[in-house]
Amino acid sequence: MTLQIELTDDTEKLLKREAERQGIGPEELAKSLIEKSFVVGPPDTATLELLAKWDERDATDDPAEIERRNRDFEEFKNAINETRRAAGARIIYP
């Protein structure tokens with residue numbers, strides 16, 4: 001299959017630079033990146049089951065607990081953003 005994709009100038013430069021760094025052509029790099037983005041094979045059921053158990057174990061409808069968890073999450077987001085801001089990195093949680 002032949003596919004034509006319009007890239008911005010910046011994306012084209014990045015693609016060419018990375019392809020050159022890897023010693024391959026930009027078309028080969030683009031093809032490789034696309035192929036790697038697809039999930040191949042069956043889902044990891046053990047991991048999915050573990051995550052489901054954690055969700056079940058941590059489930060609550062207690063308003064006080066929900067509020068505490070929300071506060072903890074806000075504190076976490078603020079701390080991550082502050083660390084990234086101090087490092088001059090992109091803010092993850094706007």
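Not a single donor-acceptor pair under 3.5 Å links the side chain of Asn81 to the backbone N or O of Pro94. Of the possible polar contacts, one joining the Thr83 side chain to the Ala79 backbone as a donor-acceptor pair under 3.5 Å is found. Checked by atom type and distance alone, the side chain of Arg84 pairs as donor or acceptor with a backbone atom of Arg90 at under 3.5 Å.
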The test is side-chain contact (heavy atoms from CB on, under 4.5 Å); show your working for Arg21 and Arg17 and say whether it passes. CA-CA 6 Å; Arg21 189 187 72 76; Arg17 185 180 311 137; 5.8 Å; no
Could you walk me through whether Thr8 and Glu12 pass the side-chain contact (heavy atoms from CB on, under 4.5 Å) check? CA-CA 6 Å; Thr8 64; Glu12 181 181 1; over 6 Å; no
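Both Leu33 and Leu7 are assigned to one and the same hydrophobic cluster, defined by single-linkage of ILVMFWY side chains at heavy-atom distances under 4.5 Å. Neither Phe38 nor Met1 shares a network with the other; the hydrophobic side chains, linked directly or stepwise wherever heavy atoms of I, L, V, M, F, W or Y lie under 4.5 Å apart, form separate groups for each. When hydrophobic clusters are built by joining Ile, Leu, Val, Met, Phe, Trp and Tyr residues whose side-chain heavy atoms come closer than 4.5 Å, directly or via intermediates, Leu29 is not grouped with Leu14.
The structure places OG1 of Thr2 at 11.5 Å from CD of Glu27, a figure rounded to the nearest 0.5 Å. Rounding to the nearest 0.5 Å places CG of Leu48 at 12.5 Å from NZ of Lys53. In this structure, the separation between CD on Glu74 and OH on Tyr93 is 10.5 Å, given to the nearest 0.5 Å. The distance from atom CD1 of Ile34 to atom CG of Leu3, rounded to the nearest 0.5 Å, is 6.5 Å. Taken from CG in Leu15 to CG in Asp10, the straight-line distance is 12.5 Å, to the nearest 0.5 Å.
Other residues, nucleotides and ligands place no more than 12 heavy atoms under 6.0 Å from the NZ atom of Lys31. Within a 6.0 Å radius of CD in Glu65, more than 12 heavy atoms belonging to other residues, nucleotides or ligands are found.
You'll find the side chain of Glu67 reaches within 4.5 Å of the side chain of Arg71, heavy atoms only.
The minimum heavy-atom distance between Arg69 and Thr60, with the atom names listed, is NH1-CG2, 3.5 Å.
Side-chain heavy-atom separations under 4.5 angstrom define the hydrophobic clusters, and the remaining members of the one that includes Leu50 are Leu51, Trp54.
A salt bridge is defined here as a Lys NZ or Arg NE, NH1 or NH2 lying under 4.0 Å from an Asp or Glu carboxylate O, and Asp72 with Arg68 meets this definition.
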